[in-house]
Each structure stands twice: as C-alpha cells, then as structure tokens.
Amino acid sequence: MALLSLLPSLLTLLILSPIDLPLSSLTFASASSSFIPTTLDGPFIPVTVPLDKRLRIDSQDLPNDDPRLARKVSGYFPEQIGIAQSVTPHGMWVSWITGEYGMGRSKENQMDCNQVNSMVHYGTSYFDLHHKATGRSLTYSQIYPYANATNYTSGIIHHVLLTGLKPSTRYYYRCGDPYIDAMSKIYRFKTLPAIGPDSFPKRIAFLGDPGLTYNTTSTLKHLKKNNPDLNIFVGDMSYANLYVTNGTGSACYSCQFHTPIQESYQPRWDFWGRYLEPIRSEIPTMVIEGNHEYEKQIHNQTFVAYKARFAVPAAESGSYTKMYYSFNAGGVHFVMLGGYVDYSRTGDQYAWLKKDLAEVDRSLTPWLIAVFHPPWYNSYAFHYREVECMRQSMEELLYKYGVDAVFTGHVHAYERSNRVYNYEYDPCGPVHITIGDGGNREAMAIQHADEPGACPEPASTPDFKYLPYKFCGFNFTTGPAAAKFCWDRQPDWSAFRESSFGHGILEIKNATHALWTWYRNQEAYGSGHIGDNIFLVRQPGICHNQHHDIQ
C-alpha cells in the first residue's frame with residue numbers, strides 16, 4: 001500500500017488514545033500485513049475470500065433430546081432467564097418462564113397466570129437485594145385449524161422492568177415468586193454507560209440467524225469469550241418453524257412437509273431459551289424479528305411467539321408494536337426496524353421512524369445504527385434484492401439523518417459494503433454489514449448472484465410474500481450493471497464477502513471512530529479467527545447528515 005493511502009489509517013492511530021486502542025491495532029493485520037484500514041481509505045476494491053474447502057456448508061440441529069436442552073428446574077422455579085435494555089441505562093427488562101408447556105389437541109393445558117407472581121429482587125450487592133420490582137405475566141398458544149397437528153401452549157412468561165438504575169453499575173438480581181419459595185439463583189449484569197458523546201459500551205456483539213445447531217454452539221462460545229457489554233441479535237432465532245408439531249424437522253420445510261399452514265414446533269423455542277440463558281441472563285440482549293419468526297397459526301395470527309417471549313422497549317420508544325423500536329446505549333442510538341411489517345411511506349412504521357430520527361440529538365448520541373433482518377445490499381444469490389420495496393421506501397430517510405452503519409442477517413454468510421447510497425459509493429452513506437452467519441440449520445450461503453447462471457429471475461425476488469407489496473425490482477439504469485438485474489462481477493458497493501459461520505464485535509472508541517471485527521468460527525482457538533476488520537470513521541464536519549442539528 002502506498003504511503004499516501006496509509007495516511008487515513010495512521011491518523012486513526014494518532015486520534016485514538018493508547019488506552020482505548022486495542023493491541024491488535026498497533027500491529028499489522030495478519031491477513032494483509034498492513035494497518036487496519038478505515039472507511040476513509042475507501043471505496044475499496046471488492047474482495048471475495050474463496051470458500052474454505054475444509055468447511056462443512058451444512059449445519060446440524062441439536063436433537064430434541066439433547067441433555068443441554070432439557071428443563072432443569074421443577075414447579076414454578078424460573079428458567080429461560082434473559083435481560084434486555086430499556087430505552088436508557090436507567091431501565092432493564094428481566095424475563096423468564098415458569099411451569100411447563102403443554103402439547104395437545106386443544107388449549108386444555110393453558111396455565112393460570114394468577115398462580116404465580118412476577119417479582120425481581122435486585123441491588124448493587126450480592127448480599128443485599130433490597131430493591132423489588134413487579135411485572136406482568138402471560139401465556140400464548142400456537143394452534144392449527146386442521147387435524148393431525150398438535151397444538152402448543154407455553155408456560156407462564158414473565159416480564160419485569162427494573163427502573164432507577166445507575167449507568168455503568170454492576171447489579172445482582174434473582175427472579176420468581178418469593179411467596180411460594182420459587183426464586184432463581186442470583187445473577188448479575190452491568191448497566192450500559194450513561195447517554196453522552198464520550199460514553200460508549202466497550203464491545204457490542206452482533207449475531208444473526210443463530211438457530212440451535214452444533215455450529216451455533218461454536219458461535220456462542222466465541223462470542224462469550226469476547227466478553228460483550230451488549231448483544232444484538234438480528235433475527236431468525238430458534239428456527240422452530242423448520243419442524244412440524246410432532247417434533248420432526250428438516251433443513252428445507254417445503255421439500256419434506258406438505259401442510260395447509262407451515263407448522264412450527266414451539267418446544268424448540270423453549271430449548272433455545274434454555275441454551276441461551278447463560279448469555280442472555282447476564283448480558284443485555286436486544287432482538288428484532290426475522291422471517292422465521294412469522295409462524296402463522298389460526299385466525300391468521302403471526303409472530304405470536306416472538307411478541308410473547310421477548311421484552312423490548314417498544315412502548316418506551318413510542319412504538320405501538322415490538323416489531324420495531326429504538327433504544328440508546330451510551331452515545332449510540334439504535335433503531336430496530338421491522339422487515340416483515342408495513343414499511344411503506346404511508347404506514348405507521350415509517351411515521352414512527354421519521355419522528356424517532358428527527359428527535360435524535362447527535363451531540364449526545366453521535367453514533368446512529370440501524371438494525372433489521374433482511375439486507376438491502378446483498379450480492380449473494382440467496383435472497384438477492386429481496387427487499388427492494390423496503391429499501392426504496394426507507395433508504396432516503398436513513399441517509400438524510402446520517403445513519404452510520406446498518407446491520408442485517410437473513411443471508412447465511414458475511415458481507416461488508418463500502419459506504420453506499422442507492423447502489424453507488426457515497427462517503428456519507430452508511431456501511432452495510434450482513435452477518436446472518438450464526439450457524440443455523442439451513443446451511444451456509446456460498447453462491448454469488450454475479451456468478452454465471454446464478455442471477456435469479458427478477459420475478460422470483462419480491463418482498464416478503466405475506467406483505468401487500470408489488471414487485472419493486474428493476475434493472476440497473478447506469479454504471480457497469482446498466483440494463484441488467486445482476487452485476488456480472490462482484491458489485492463495486494461490495495467491499496468484502498466470505499462464506500463462513502461467525503459473529504462480529506463493534507468497539508466504539510470515541511464520537512468518530514469505531515473498530516468493527518468479524519470473527520470466523522472455524523478456528524477452534526481463542527475467540528475465533530479475525531476474518532475482517534476495519535475502522536468505521538464518521539465525518540460530521542463533512543457529512544452534514546451526521547450533524548446533530550439536521551432538519
């Protein structure tokens with residue numbers, strides 16, 4: 001690399017303090033023998049890492065009878081414990097389940113929520129949990145209106161909001177019902193930093209499409225070793241809908257099963273909650289729905305399990321639904337958007353998003369990050385240009401308010417874009433990162449849309465088929481792909497892509513610099529092998545859409 005092109009990266013090293021700068025940034029990146037690049041070095045020449053022939057591209061589910069998925073408590077003792085951030089560090093949601101789920105032909109097994117209380121005891125000392133909070137409880141059912149299907153009713157799901165918390169403070173808690181002597185053991189968590197331009201979580205983990213496979217176990221092991229302060233799961237959590245209600249599963253539901261409504265084996269959600277408890281009980285974990293959470297049932301109800309099982313700050317952020325919401329993590333404002341609910345410019349989500357973005361004060365939360373499940377920028381044949389309607393509806397709004405980065409899943413591989421807007425390089429556009437490589441059963445995406453014969457027919461790529469949108473795809477009108485639906489080479493907006501399972505860590509150093517690192521799973525040592533890393537650099541002095549007083 002020429003000395004002149006290294007200057008932005010060298011300036012980054014000077015800007016960051018020695019305390020904040022990770023040791024790896026002071027050395028050479030192992031893959032390229034050069035300093036870690038910054039987005040100021042872009043646009044980058046597109047890079048495709050060839051598929052590692054040692055990898056198995058498929059992924060096998062943990063079996064239903066795996067001991068790690070079994071219920072380990074009895075009676076009304078809590079299980080599947082998880083925590084989630086409220087809109088500010090002063091609040092934390094605690095969720096858990098008590099009692100056993102029921103499987104049968106009706107809702108006979110539905111439990112009475114009045115049988116058990118929803119209480120959390122907490123404090124800053126392990127030995128003094130003198131604060132108390134109460135919440136609400138619910139159950140839900142997954143019911144199919146035809147014979148030969150086994151219906152499901154959940155255990156009692158509890159959600160309790162802890163308030164009045166201090167930022168950057170360690171808390172201890174236990175949950176359950178003290179009146180029937182059914183309290184959990186004591187867990188702990190650390191609240192996120194106070195909102196402010198110099199206050200950031202040290203490590204934010206991003207994970208997409210995890211499922212519950214042997215590859216998922218590797219991903220979670222590596223993620224936990226990276227010691228994140230906050231987890232962001234970008235959708236498609238349990239993949240319960242790859243199973244019929246007798247517990248039989250398949251990596252391709254439509255290939256093996258033929259049912260009037262695609263069934264879903266809801267106990268896989270309970271298995272997932274148990275397996276994830278060690279991470280979710282102590283690290284705030286934020287989620288957004290994916291297509292596998294759709295799970296249609298009787299009376300055309302959808303996303304019932306997702307809405308029932310997860311506590312997210314929807315009402316606190318002015319949203320009427322858990323399908324989209326926002327929250328702050330120190331000096332970062334997250335907007336969690338729904339790719340499977342109305343996103344048209346006349347819909348409620350668009351109006352909420354416009355209001356939410358307009359109220360962001362970049363002098364307090366300089367970083368603005370968007371998260372949703374299906375990617376707008378994806379060069380793999382798998383789900384290629386599948387949400388054009390959503391992109392055409394919302395991209396201009398995200399660009400206007402200077403969103404710095406967009407994280408998505410859905411495609412089971414890794415891809416990082418150049419800064420991009422409307423398919424063209426724009427130094428003030430966001431970096432799009434697809435990280436749907438958590439390890440789920442549907443196998444890895446390996447084919448690229450630009451490979452010979454791989455470009456899908458445009459008519460086969462409509463937005464989510466259950467939304468009332470028309471086809472929005474079109475051929476490109478300018479540039480190297482003019483008059484084509486697909487590029488005939490890796491697109492210029494695509495900076496780096498590789499097929500492998502893994503997760504990512506974002507380390508925000510200050511108001512303008514953040515280090516993004518993607519870790520591959522296949523390395524069995526340490527926290528996983530670094531597959532890609534780059535400094536994301538904001539330029540509010542040049543990019544006026546990143547300034548706090550935008551109108």
As a quick check of understanding, evaluate side chain to side chain contact (heavy atoms under 4.5 Å, CB included) for F271 and N64, giving each step before the final call.
CA-CA 8 Å; F271 302 161; N64 294 337; 3.6 Å; yes

Determine, stepwise, if the pair F382 / H412 fulfils ring-ring contact (aromatic ring centres under 6.0 Å, His included).
CA-CA 8 Å; F382 190 51; H412 305 155; 5.2 Å; yes

Give the intermediate values and the outcome of side chain to side chain contact (heavy atoms under 4.5 Å, CB included) for residues M336 and Y324.
CA-CA 5 Å; M336 312 288 284; Y324 51 87; 6.0 Å; no

Take T461 and E386, measure what side chain to side chain donor-acceptor pair (under 3.5 Å) needs, and give me the verdict at the end.
CA-CA 5 Å; T461 62; E386 192 178 82; over 6 Å; no

Mind running ring-ring contact (aromatic ring centres under 6.0 Å, His included) on Y423 and F476 for me, showing each step along the way?
CA-CA 9 Å; Y423 289 108; F476 294 100; 4.9 Å; yes

Check the pair F407, W516 against ring-ring contact (aromatic ring centres under 6.0 Å, His included), reporting the backbone distance first and the verdict last.
CA-CA 12 Å; F407 290 89; W516 166 253; 5.1 Å; yes

Steps toward side chain to side chain contact (heavy atoms under 4.5 Å, CB included) verdict (T517, Y519):
CA-CA 6 Å; T517 306; Y519 292 92; 3.6 Å; yes

Let me see the working for Y343 and Y350 under ring-ring contact (aromatic ring centres under 6.0 Å, His included), right down to the final yes or no.
CA-CA 6 Å; Y343 40 66; Y350 188 91; over 10 Å; no

Is there a side chain to side chain contact (heavy atoms under 4.5 Å, CB included) between N227 and I283? Walk through the geometry before answering.
CA-CA 9 Å; N227 194 27; I283 304 170; 5.9 Å; no

Residues H292, N440; criterion side chain to side chain donor-acceptor pair (under 3.5 Å); working and verdict:
CA-CA 11 Å; H292 283 273; N440 73 83; over 6 Å; no

Side chain to side chain donor-acceptor pair (under 3.5 Å) between D66 and Y275, intermediate numbers included:
CA-CA 11 Å; D66 189 301; Y275 196 79; over 6 Å; no

Working note: D426 + R419, criterion salt bridge (Lys or Arg N to Asp or Glu O under 4.0 Å); need CA distance, chi angles, decisive distance, verdict.
CA-CA 6 Å; D426 189 311; R419 290 198 175 276; over 6 Å; no

Which is it for E498 and R520 under the salt bridge (Lys or Arg N to Asp or Glu O under 4.0 Å) test, yes or no, and what are the steps along the way?
CA-CA 10 Å; E498 180 177 354; R520 299 187 189 99; 2.6 Å; yes

Report the C-alpha distance between R497 and D532 in whole Å, list the side-chain angles of each, state the deciding distance to 0.1 Å, and finish with yes or no for salt bridge (Lys or Arg N to Asp or Glu O under 4.0 Å).
CA-CA 9 Å; R497 63 188 183 186; D532 180 39; over 6 Å; no

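In this structure, a donor-acceptor pair under 3.5 Å is present between the side chains of H373 and D236. Between the side chains of D209 and Y239, a donor-acceptor pair is found at a separation under 3.5 Å. In this model, a donor atom of one side chain and an acceptor atom of the other lie less than 3.5 Å apart for S59 and N215. Between the side chains of T408 and T434, at least one donor-acceptor pair of N or O atoms lies under 3.5 Å.
At distances below 3.5 Å, at least one donor-acceptor pair connects side-chain atoms of Y253 with backbone N or O atoms of E263. In this structure a side-chain-to-backbone donor-acceptor pair under 3.5 Å is missing from N231 to M286. Between the Q297 side chain and the S141 main chain, a donor and an acceptor come within less than 3.5 Å of each other. Without hydrogens or angle criteria, Q266 side chain to A240 main chain gives no donor-acceptor distance under 3.5 Å. No donor-acceptor distance shorter than 3.5 angstrom exists from the side chain of Y401 to the backbone of D356, with no hydrogens or angles considered. Formation of a donor-acceptor pair under 3.5 Å by the E295 side chain with backbone atoms of S264 is not found in this model. One N or O on the side chain of E395 and one on the backbone of N422 form a donor-acceptor pair closer than 3.5 Å. The main-chain N or O of T38 is found under 3.5 Å from a side-chain atom of D41 such that the two form a donor-acceptor pair. With hydrogens and angles disregarded, a donor-acceptor distance shorter than 3.5 Å links the side chain of W352 to the backbone of S317. A donor-acceptor pair under 3.5 Å is formed between the side chain of S281 and the backbone N or O of E277.
Rounding to the nearest 0.5 angstrom, the gap separating the OG1 atom in T219 from the NZ atom in K224 is 14.5 Å. The OG1 atom of T302 lies 9.0 Å from the NZ atom of K296; values are rounded to the nearest 0.5 Å. The distance from the CG atom of L536 to the CG atom of L506 is 6.5 Å, given to the nearest 0.5 Å. Between atom CG of residue L51 and atom CE of residue M444 there is a gap of 6.5 Å, rounded to the nearest 0.5 Å. Annotation: the span from C543 atom SG to R538 atom CZ amounts to 9.0 Å, rounded to 0.5 Å. To the nearest 0.5 Å, atom CD1 of residue I57 and atom OG of residue S500 are 12.5 Å apart.
The ring of W493 has its center no closer than 6.0 angstrom to the ring center of Y425. Between Y152 and Y140, the ring center distance clears the sub-6.0 Å criterion. Checked against a 6.0 Å centroid threshold, the rings of F372 and W376 count as neighbours.
Of the charged side-chain nitrogens involved, none lies within less than 4.0 Å of a carboxylate oxygen, so that E396 and R391 do not count as a salt-bridged pair. A salt bridge is defined here as a Lys NZ or Arg NE, NH1 or NH2 lying under 4.0 Å from an Asp or Glu carboxylate O, and D450 with R489 fails to meet this definition. Taking 4.0 Å as the cut-off between side-chain N and carboxylate O, K484 and D488 count as a salt-bridged pair.
The shortest distance between side-chain heavy atoms of I279 and P228 does not fall below 4.5 Å. The closest side-chain heavy-atom distance from D270 to R309 is below 4.5 Å. Using a 4.5 Å cut-off on side-chain heavy atoms (C-beta onward), L69 and R274 make no contact.
A cation-pi arrangement is absent between R416 and W518, since the terminal nitrogen or guanidinium carbon is not both under 6.0 Å from the aromatic centre and inside a 45° cone about the axis. Figure legend: R385 and Y377 shown without cation-pi pairing, the cationic atom not lying both under 6.0 angstrom from the six-membered ring centre and within 45 degrees of its axis.
Y214 OH: more than 12 foreign heavy atoms inside a 6.0 Å radius. Within a 6.0 Å sphere centred on CG of N148, other residues, nucleotides and ligands contribute 12 heavy atoms or fewer.
Ring geometry, Y146 versus Y144: the interplanar angle falls from 30° to 60°, so the pair is classed tilted.
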